[in-house]
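This report refers to the structure that appears directly beneath it.
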Amino acid sequence: MNWSFDITLKNRAILHRLLVDFSLSQLNTVPDGYRNSIYWNIIHVVVTQQLLVYKLSDVPMLIGSDLVDAFRKGTKTERGATQHEVEHLKKLLFSTIEQTQKDYDAGRFTSYNSYTVSTKSTLTNVEEAIEFNNFHEGIHLGYILAMKNSIIS
């Protein structure tokens, strides 16, 4: 699983760079034709990883239910993020994955509640969840890169 965690961290580094490079206004912009902002897409991947890996393994998540409720699948940008929230997200991008790897290596994920994702694949264990998460994060990176062109042009 080290390779899968490495891929996640590399993707998170790209997302972190976007949080650094864009202004708060740009991070909060919802371009025409989209329903969410860059900020929403980035925090959504953190929330989804926690749900797929921790919640479905019946292990307490590393984030609060307030974030889950605001940024889970089916939500949309309701308000702009503050600079403080962006700074917090920059830390969460890495701390959640680093802790997930420690928890995985320590054997904390001993059970898993099967879950069928939007692609109609059914996740049956934490390893599948970690691998699917990389696919999911790649989709959102693609959205963000497309949005980037709308925001800076």
Side-chain angles (χ1 to χ4, degrees), residues 1-22 27-28 30-31 33-78 81 85-151:
M1 292 307 301
N2 286 338
W3 190 83
S4 293
F5 286 118
D6 183 59
I7 294 299
T8 309
L9 287 169
K10 286 177 178 165
N11 190 68
R12 298 283 178 102
I14 295 167
L15 297 175
H16 182 270
R17 185 85 242 153
L18 294 166
L19 290 173
V20 169
D21 289 346
F22 283 111
L27 291 171
N28 285 321
V30 179
Y34 294 88
R35 67 181 271 172
N36 289 304
S37 66
I38 290 174
Y39 176 83
W40 183 94
N41 275 274
I42 296 174
I43 198 161
H44 169 75
V45 301
V46 172
V47 166
T48 300
Q49 184 269 341
Q50 290 291 293
L51 289 168
L52 291 175
V53 175
Y54 282 82
K55 183 146 179 89
L56 289 171
S57 295
D58 295 324
V59 175
M61 292 186 293
L62 305 173
I63 60 172
S65 60
D66 56 331
L67 288 182
V68 173
D69 293 343
F71 298 103
R72 70 181 317 142
K73 180 181 176 179
T75 64
K76 63 179 184 160
T77 299
E78 297 290 337
E85 290 168 322
V86 171
E87 295 306 316
H88 182 62
L89 177 54
K90 287 178 186 177
K91 294 173 187 164
L92 284 178
L93 280 173
F94 299 107
S95 66
T96 53
I97 298 306
E98 291 163 355
Q99 187 60 49
T100 301
Q101 186 164 18
K102 289 176 187 171
D103 290 342
Y104 180 83
D105 291 344
R108 288 197 67 203
F109 304 108
T110 57
S111 66
Y112 197 82
N113 299 299
S114 295
Y115 178 72
T116 302
V117 296
S118 56
T119 60
K120 306 297 183 234
S121 299
T122 301
L123 307 177
T124 61
N125 59 56
V126 73
E127 291 81 10
E128 291 172 355
I130 291 166
E131 291 176 9
F132 177 80
N133 181 68
N134 283 335
F135 170 76
H136 177 261
E137 290 197 17
I139 289 171
H140 284 277
L141 177 58
Y143 282 134
I144 292 166
L145 294 176
M147 293 168 71
K148 175 181 167 182
N149 294 330
S150 298
I151 292 171

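Heads up: numbering here begins at 1 and tracks the sequence. Bear in mind that the values here come from a model prediction, so they are computed numbers and not experimental data.
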Problem - Test item: L89 and V46 side chains (from C-beta on) under 4.5 Å apart, heavy atoms - result: yes
Fill in the blank from the handout: In short, I63 meets L67 closest at the heavy-atom pair CB-CD1, 4.2 Å
Problem - Residues that D105 engages under salt bridge (charged side-chain N to carboxylate O under 4.0 Å, His left out), provided they are two or more places apart - result: none
Exercise for the section: Kindly write out the residues that satisfy side-chain hydrogen bond (donor to acceptor under 3.5 Å, both in side chains) with D69, not counting sequence neighbours, or none if the list is empty. Expected result: none
Practice task
Might you work through the side-chain hydrogen bond (donor to acceptor under 3.5 Å, both in side chains) test for S114 and T124, ending with a clear yes or no?
Solution key: CA-CA 5 Å; S114 295; T124 61; 5.6 Å; no
Completion exercise
The ring pair (Phe, Tyr, Trp, His ring centres under 6.0 Å) partners of Y115 (sequence neighbours excluded) come to none
Practice task
Might you work through the side chain to side chain contact (heavy atoms under 4.5 Å, CB included) test for K73 and L51, ending with a clear yes or no?
Solution key: CA-CA 10 Å; K73 180 181 176 179; L51 289 168; over 6 Å; no
Practice task
Determine, stepwise, if the pair L123 / V117 fulfils side chain to side chain contact (heavy atoms under 4.5 Å, CB included).
Solution key: CA-CA 7 Å; L123 307 177; V117 296; 3.7 Å; yes
Exercise for the section: Flag the pair V30 / K76 as yes when at least one side-chain heavy-atom distance between them is below 4.5 Å, and no otherwise. Expected result: no
Problem - Side-chain heavy atoms of E137 within contact of T48, under 4.5 Å - result: no
Practice task
May I ask you to test the L62-S95 pair for a side-chain heavy-atom distance under 4.5 Å?
Solution key: no
Problem - Pairs where residues 41-60 contributes a residue and the test ring pair (Phe, Tyr, Trp, His ring centres under 6.0 Å) is met, not counting sequence neighbours - result: W40-H44, H44-H136, H44-H140, Y54-F109
Practice task
Using the side chain to side chain contact (heavy atoms under 4.5 Å, CB included) rule, take M147 and N41 through it: C-alpha gap first, then chi angles, then the decisive distance, then the call.
Solution key: CA-CA 10 Å; M147 293 168 71; N41 275 274; 3.8 Å; yes
Problem - Distance in Å, I97 CD1 paired with I7 CD1, rounded so as to fall on 0.5 Å steps - result: 12.5 Å
Handout entry: Residues forming a salt bridge (charged side-chain N to carboxylate O under 4.0 Å, His left out) with R108, sequence neighbours excluded
Key = D103
Completion exercise
For Q50, the side-chain hydrogen bond (donor to acceptor under 3.5 Å, both in side chains) test, sequence neighbours excluded, returns none
Fill in the blank from the handout: The salt bridge (charged side-chain N to carboxylate O under 4.0 Å, His left out) partners of R17 (sequence neighbours excluded) come to D21
Problem - Check against side chain to side chain contact (heavy atoms under 4.5 Å, CB included), Q101 and N2 - result: CA-CA 8 Å; Q101 186 164 18; N2 286 338; 2.8 Å; yes
Handout entry: T8 side, atom OG1; E98 side, atom CD - distance, nearest 0.5 Å
Key = 11.5 Å
Fill in the blank from the handout: Rounding to 0.5 Å, atoms CG (L93) and CD1 (I43) come to a distance of 9.0 Å
Problem - Rounded distance (nearest 0.5 Å) linking atom NZ of K148 with atom CD1 of I151 - result: 10.5 Å
Problem - Side chains of I14 and I144 in contact at under 4.5 Å (non-hydrogen atoms) - result: no
Practice task
Considering non-hydrogen atoms only, spot the tightest contact between R12 and F94 and give its length.
Solution key: O-CZ, 3.8 Å
Practice task
Could you tell me which non-hydrogen atom of N36 sits nearest to which non-hydrogen atom of T77, and how far apart they are?
Solution key: OD1-N, 2.6 Å
Exercise for the section: For Y143, look at atom OH and say whether over 12 heavy atoms of other residues, nucleotides or ligands are found less than 6.0 Å away. Expected result: no
Fill in the blank from the handout: Heavy-atom closest pair (V53 atom, Y112 atom, distance to 0.1 Å) is O-CE1, 4.5 Å
Problem - E127: partners by side-chain contact (heavy atoms from CB on, under 4.5 Å), with sequence neighbours left out - result: M1, Y104, N125
Exercise for the section: Would you give the length of the straight line joining atom CZ of F5 to atom CG of L9, rounded to the nearest 0.5 angstrom? Expected result: 9.0 Å
Practice task
Determine which pairs satisfy salt bridge (Lys or Arg N to Asp or Glu O under 4.0 Å) with at least one residue from residues 40-62, sequence neighbours left out, and list them in order.
Solution key: none
Exercise for the section: Would you please name every residue forming a side-chain hydrogen bond (donor to acceptor under 3.5 Å, both in side chains) with S118, sequence neighbours left out? Expected result: none
Handout entry: Backbone N/O of A70 and side chain of T75: donor-acceptor pair under 3.5 Å
Key = yes
Handout entry: Contact check, side chains of V126 and I130, non-hydrogen atoms, under 4.5 Å
Key = yes
Fill in the blank from the handout: salt bridge (Lys or Arg N to Asp or Glu O under 4.0 Å) pairs touching residues 43-53, sequence neighbours excluded, are none
Handout entry: Pairing residues for K90 by the salt bridge (charged side-chain N to carboxylate O under 4.0 Å, His left out) criterion, not counting sequence neighbours
Key = E87
Problem - Minimum heavy-atom distance between S4 and E131, given as atom pair plus value - result: OG-CG, 3.7 Å
Exercise for the section: For residues E85 and Y39, determine if any side-chain heavy atom of one lies less than 4.5 Å from a side-chain heavy atom of the other. Expected result: yes
